[in-house]
Amino acid sequence: MLAFEAPLRVAILEDHPPIVDGYRYRLSDPARFEIVGVASVGEDLEPLLAAHPTDVLLLDVSVPTSAENRNPYPILTVLPRLLQAHPSLVIIVITMHAESSLIRAMMRAGASGYLLKDDQDNLQRLADVVRGAARGDICLSAQAYALWKRRSTDALEPVTQRQSEVLSLCAAYPDATTYELAARLNIAPSTLRNLLSGAYLRLGVSTRAGAVAEARRRSLITPYPPPAP
């Protein structure tokens with residue numbers, strides 16, 4: 001548990017500058033917070049955390065993977081790796097996506113909070129939310145909490161957590177080979193194929209592209225944002 005003798009070091013993964021500006025404003029007390037860096041694409045996140053010790057990470061689940069790859073960053077794949085590399089890191093999701101499957105997947109993967117971007121009450125008091133999470137609190141928007149606490153049996157879960165991680169990676173890198181995807185996960189290609197084939201059966205599809213599309217449709221991984229009005 002952090003004692004807060006020094007300012008909490010906060011990193012941000014968010015691709016909309018006005019939202020980043022809002023976070024900076026809410027965390028603008030230098031005695032309590034230090035913004036150590038901002039990544040606007042997913043592939044910049046791990047180098048950012050490696051270069052700057054971080055206590056709390058604020059992230060959106062739908063940032064692009066890179067400047068060239070606009071597919072959503074495979075956050076479900078990366079989250080366990082981040083927490084293994086940075087065991088004390090506290091992760092708070094702040095997003096527009098309010099789908100129960102995604103909320104449960106993110107919380108199972110190790111997030112300490114899930115706030116919705118239209119939750120003005122919690123965002124107005126973001127400084128208190130961040131400090132509470134650093135103390136060990138679980139912070140969720142009321143809608144996210146209601147969706148998160150719904151109990152579901154294993155039989156009703158469409159895919160396993162590991163299958164979600166694999167599908168998240170496939171969505172981010174749709175042109176990668178099985179070998180390349182397996183290398184990113186540090187597993188054998190045969191293990192990856194087994195995970196995918198199991199996901200195909202559960203989702204009622206027969207291809208990787210079909211599995212990604214169906215997983216997105218059900219919000220088992222980061223879905224595409226709704227079209228602009």
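Residues take their numbers from the sequence shown, with the count starting at 1.
One hydrophobic cluster, built from ILVMFWY side chains closer than 4.5 Å, cannot hold both Ile19 and Val36; they sit in different ones. By the rule that hydrophobic residues join a cluster once side-chain heavy atoms approach within less than 4.5 Å of another member, Tyr145 and Ile103 end up as members of one cluster. Residues Leu83 and Ile138 are members of one and the same hydrophobic cluster, defined by side-chain heavy-atom contacts under 4.5 angstrom among Ile, Leu, Val, Met, Phe, Trp and Tyr. Taking hydrophobic clusters as Ile, Leu, Val, Met, Phe, Trp and Tyr residues chained together by side-chain heavy-atom distances below 4.5 Å, Val41 does not share a cluster with Leu79. Both Val129 and Leu27 sit in one connected hydrophobic cluster of ILVMFWY residues. Membership requires side-chain heavy atoms under 4.5 Å apart, directly or through other members.
Sequence neighbours left out, the pairs with a member in residues 30-41 that pass side-chain hydrogen bond (donor to acceptor under 3.5 Å, both in side chains) are Asp29-Arg32.
You'll find the side chain of Ile92 stays beyond 4.5 Å of the side chain of Leu57, heavy atoms only. By the 4.5 Å heavy-atom criterion applied to side chains, Arg216 and Thr222 are not counted as neighbours. Side-chain atoms of Leu203 and Arg218, non-hydrogen and from C-beta on, do get closer than 4.5 Å to each other. Looking at heavy atoms from C-beta onward, Thr54 lies out of side-chain contact with His86 at the 4.5 angstrom threshold. Under the 4.5 Å side-chain criterion, counting only non-hydrogen atoms from C-beta, Val56 is not in contact with Arg9. Side chains of Leu116 and Met96 form no contact here, defined as non-hydrogen atoms less than 4.5 Å apart. Taking the side chain as every heavy atom from C-beta outward, Leu82 and Glu46 approach each other to under 4.5 Å. In this structure, Leu49 and Leu89 have side chains that are in contact, with non-hydrogen atoms separated by less than 4.5 Å.
Here Arg81 does not pair with Glu165 in a salt bridge; the nearest charged N to carboxylate O distance is not below 4.0 Å. For the pair Arg131 and Asp137, the salt-bridge criterion is not met [side-chain N within less than 4.0 Å of a carboxylate O]. With salt bridges taken as basic N to acidic carboxylate O contacts below 4.0 Å, none links Glu180 and Arg184.
Put simply, CD on Gln143 and CG on Leu115 are 12.0 Å apart, with the number rounded to the nearest 0.5 Å. Atoms CD1 and CG, on Ile187 and Asn194 in that order, are 9.0 Å from each other to the nearest 0.5 Å. A distance of 13.5 Å separates CD in Gln120 from CZ in Arg125, rounded to the nearest 0.5 Å. A distance of 4.0 Å separates OH in Tyr114 from CG in Leu102, rounded to the nearest 0.5 Å. Note: Asp55 CG to Phe33 CZ = 10.5 Å, rounded to the nearest 0.5 Å. Taking CD of Glu99 as the start and CZ of Arg104 as the end, the distance is 11.5 Å to the nearest 0.5 Å.
For the residue pair Glu14 and Val38, the shortest heavy atom distance occurs at O-CG1, 4.4 Å. In terms of heavy-atom proximity, Met106 sits nearest to Val61 at CE-CG1, 4.0 Å. The heavy-atom pair separating Arg70 from Pro64 by the smallest distance is NH2-CG, 3.3 Å. Residues Pro72 and Ala172 come closest through the heavy atom pair O-CB, 3.5 Å. Closest of all the heavy-atom pairs between Pro223 and Ser219 is CG-OG, 4.0 Å. Heavy-atom minimum distance, Arg202 versus Val159: CD-CA, 3.7 Å.
Listed for the Ser112 side chain is no donor-acceptor partner under 3.5 Å among the backbone atoms of Ala133. Put simply, the side chain of Thr207 gets close to the backbone of Gly210: a donor and an acceptor are under 3.5 Å apart. Looking at Ser168, its side chain never comes within 3.5 Å of a backbone N or O of Ser164 through a donor-acceptor pair. No donor-acceptor pair under 3.5 Å is formed between the side chain of Tyr73 and the backbone N or O of Ser62. In terms of modelled atom types and a separation under 3.5 Å, the side chain of Asp60 and the main chain of Val63 share no donor-acceptor contact.
No side-chain N or O of Thr65 forms a donor-acceptor pair with one of Asn71 less than 3.5 Å apart.
Checking Leu220, Thr77, Leu76, Leu196 one by one against Leu167, the side chain to side chain contact (heavy atoms under 4.5 Å, CB included) holds for a single residue, Leu196.
Residues meeting the side chain to side chain donor-acceptor pair (under 3.5 Å) test with His52, sequence neighbours left out: none.
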